[in-house]
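What you see is a predicted model; the values in this text were computed from it and never measured. Counting convention: from 1, in listed order, for ligands and their atoms alike.
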Amino acid sequence: TPLDKIRNFSIIAHIDHGKSTLADRLIQTTGGLTEREMSSQVLDNMDIEKERGITIKAQTVRLNWKGHVLNLMDTPGHVDFAYEVSRSLAACEGALLVVDAAQGVEAQTLANVYQSIEHDHEIIPVINKIDLPAAEPEMVRKEIEDVIGLDASNAVMTSAKSGIGIEEVLDAVIERIPAPKGDLGAPLKAMLVDSWYDPYLGVVILVRVIDGKIVKGQSIKFMAAGTTHLIDRVGAFTPKIETLADLGPGEIGFITAQIKDVAQARVGDTITDSKKPTAEALPGFKEVQPVVFCGLFPVDAADFDKLRESISKLRLNDASFSFEMESSAALGFGFRCGFLGLLHLEIIQERLIREYDLDLITTAPSVVYKLVLSHTKNEDAKTIELHNPADMPDINRIQSIEEPWIEATIYAPDEYLGPILKLCQDRRGIQKNLTYVGGRAQLTYELPLNEVVFDFYDRLKSMSKGYASFDYHQIGHREGDLVKMSILVNEEPVDALSMIVHRGTAETRGRGMVERLKDLIPRHLFKIPIQAAIGGKVIARETIAAMRKDVTAKCYGGDATRKRKLLDKQKKGKLKMREYGSVSIPQEAFIAALRMG
Ligand code: GTP
């Protein structure tokens, strides 16, 4: 396809503003699929994406409109996947900014718009859901101009649901978004935009060609990974799989090259011809690093192998999460897993439970701490990364602990501002900015990620009746007065419950934890102290009183069958318990205790 007939664009939108519905309409209008094939939203193709309404993996669809090839890239709509968003944006020359006519601009929209502007995109504002009775398109138009600073005088008004304004959107893409640039004669240079595992095609790689041409049979090289592969298929999604002879400059499509593992095809890598390589790789390749870690353990120890298999399968499709075996005295064998963020964690956890039918225990999520250790007789001073509070080294060796901080942008209607400020303050936040735009507050806070991974987002949503939106990026590690808090049940530390906390909030957290455990652990024949401790110092304590008499005493002495029944029942009950020293802790206790109060 000649360059001047190509347009590459993405859609930027806040969750629920109608991105997928609009994408479906664009596909339908350009004839990519028949009405019947459109029966379900096509771009969101994973069940969980559909249910939660969240786009996870970027996908691309090639559309034909008035003699042009339009490549529509779907981008993930959540902060955890910021790097994937950035790569998709880098593969485009423009974007549709979809804003709900009844909701207006939200924090997530802003973050993505700024990224898009950084990529020098031509941005076309699209005001969607104009069919809603609560729609205020003129107000939203003004908001786009005031808040984002974009000219919205020629915003396209749409109702993706009723099919209004769809052709206008397509025309605007051709008229306003610039054609890509590139040199067909130069050596191949292409960006690896995304990769995923497809049961029929194997590992599929989405590419954006910058210069040169990519063809079947070509020997290519991944410049960052340093590997070479032979291309066995070149094509595009319309959204059906269509095989193409080649992809030239400016084009977006997929290739397969008998790659076994998505981890070999990393987003952001530069693809070139191995025999005639390009002189310089594309800038900005970055390996994504997990930022939140937690342990995943099977409830039933016999499920360990099944868990291993399931995690390995999921990982085939998502190279951004990591796992390694872990054993815990309380929970047995499981895996320490790393995620891009909390949502990512929840998605993987939910897929394991739902698609692989596993019962899981998740330990407290932890961020990555940097520990500066002093030297010992045998070892020099060094800095280590700590992913698991259970691995905390000897306290006397720790000179300082640094924790990751984020800058968060929160957008919320005025009336919820009070409680939100308090929440941020309670979580050790530092207020950076507070401005008002059209009855809504825009707040900027610096916060320790540690304080956000527990339940910050849920709280924010519930205290604002769902109206607050939240976005963040990491701003580096800072030293903090951090300590490891251990939980002891009957004088024994329970590793799965230990966590790193700020000294200032340790007591509140410790108290909450022991109080909850007191209610969750059943009485035994002896009394059980439950303690929260820092180093050797107990900071909170509760005691579960001993059971007063033997349960079987209730059975009026003689009735043997009754007695046996009761014992059987106890045995069954026990299956769901974890024996810990001499104490049995029910599974729910772990989950409930970790839910922060
Ligand atoms: P993510 O995939 O999570 O980013 O969400 P999305 O932006 O793709 O939103 P989606 O297209 O799934 O739409 C969210 C909801 O808004 C759905 O219930 C749609 O039916 C509805 N919706 C989308 N467009 C319109 C519209 O023009 N009018 C009305 N009334 N509803 C719409």
Side-chain angles (χ1 to χ4, degrees), residues 9-29 32-33 35 38-61 72-82 84-86 88-89 95-113 115-116 123-141 144 155-170 172 194 239 340-344 346-347 350 411 457 461 466-467 469-471:
F9 68 105
S10 64
I11 305 182
I12 301 170
H14 185 73
I15 286 166
D16 273 352
H17 284 201
K19 185 172 76 181
S20 307
T21 313
L22 178 65
D24 288 356
R25 283 289 181 188
L26 297 178
I27 293 165
Q28 190 186 20
T29 306
L33 288 178
E35 189 79 40
M38 288 300 303
S39 62
S40 60
Q41 288 193 347
V42 266
L43 278 186
D44 284 355
N45 55 11
M46 287 204 309
D47 273 359
I48 292 178
E49 290 196 15
K50 225 175 263 172
E51 256 173 57
R52 299 188 144 221
I54 295 163
T55 312
I56 297 160
K57 272 283 165 195
Q59 302 273 338
T60 292
V61 183
L72 159 60
M73 290 199 112
D74 195 16
T75 51
H78 192 277
V79 284
D80 286 359
F81 307 99
E84 290 186 3
V85 175
S86 140
S88 314
L89 294 182
L96 303 176
L97 166 63
V98 177
V99 183
D100 186 318
Q103 298 285 332
V105 177
E106 313 218 33
Q108 184 62 58
T109 328
L110 281 181
N112 286 347
V113 172
Q115 274 209 40
S116 188
I123 299 172
I124 303 172
V126 174
I127 299 176
N128 188 37
K129 305 200 189 181
I130 53 164
D131 60 295
L132 287 177
E136 294 198 71
E138 285 315 313
M139 215 176 92
V140 171
R141 191 202 298 270
I144 294 173
V156 186
M157 300 288 171
T158 63
S159 166
K161 196 173 171 186
S162 339
I164 300 168
I166 308 302
E167 299 198 351
E168 284 82 342
V169 171
L170 292 162
D194 195 6
L340 298 177
L342 268 194
L343 178 86
H344 191 207
E346 274 176 43
I347 288 168
E350 238 177 86
Y411 232 77
Y457 191 56
K461 280 283 169 197
Y467 280 113
S469 53
F470 170 74
D471 182 47

Check your understanding: For the atom pair CZ (Arg25) and CD (Glu167), what is the distance rounded to the nearest 0.5 Å?
Key ->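 Output value for this atom pair is 12.0 Å.
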Select one of side chain, backbone, both or neither to describe which atoms of [X] lie under 4.0 Å from any atom of ligand 1, heavy atoms only.
X      : result
Lys129 : both
Thr21  : both
Asp16  : both

With atoms numbered from 1 as shown, which atoms in ligand 1 lie under 4.0 angstrom from a non-hydrogen atom of [X]?
X      : result
Leu132 : 30 (N)
His14  : 7 (O)
Asn128 : 24 (N), 25 (C), 27 (O)

Review point. Taking both backbone and side-chain atoms of Ala13, is any N or O found less than 3.5 Å from an N or O belonging to ligand 1?
Key: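 No, no N or O pair falls under 3.5 Å.
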Review point. Any N or O on Thr158 sitting closer than 3.5 Å to an N or O of ligand 1?
Key: no
Point to revise | Partner of Val169 under side chain to side chain contact (heavy atoms under 4.5 Å, CB included), chosen from Ile124, Leu96, Ile11 | key: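 With Val169 as partner, Ile124, Leu96, Ile11 yield a single side chain to side chain contact (heavy atoms under 4.5 Å, CB included), made by Leu96.
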**Study point:** Heavy-atom pair of closest approach, residues Ser10 and Leu89
**Key:**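 Answer, listing the atom of Ser10 first, then Leu89: OG-CD2, 3.3 Å.
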Check your understanding: Considering all heavy atoms of both residues, which atom of Ala160 and which atom of Ile166 are nearest to each other, and what is their separation?
Key -> CA-CD1, 4.3 Å
Review point. If we only count heavy atoms from C-beta on, is the Leu97 to Val126 side-chain gap below 4.5 Å?
Key: no
**Study point:** Flag side-chain contact, heavy atom, 4.5 Å: Leu72 against Leu26
**Key:**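 Yes, their side chains come closer than 4.5 Å.
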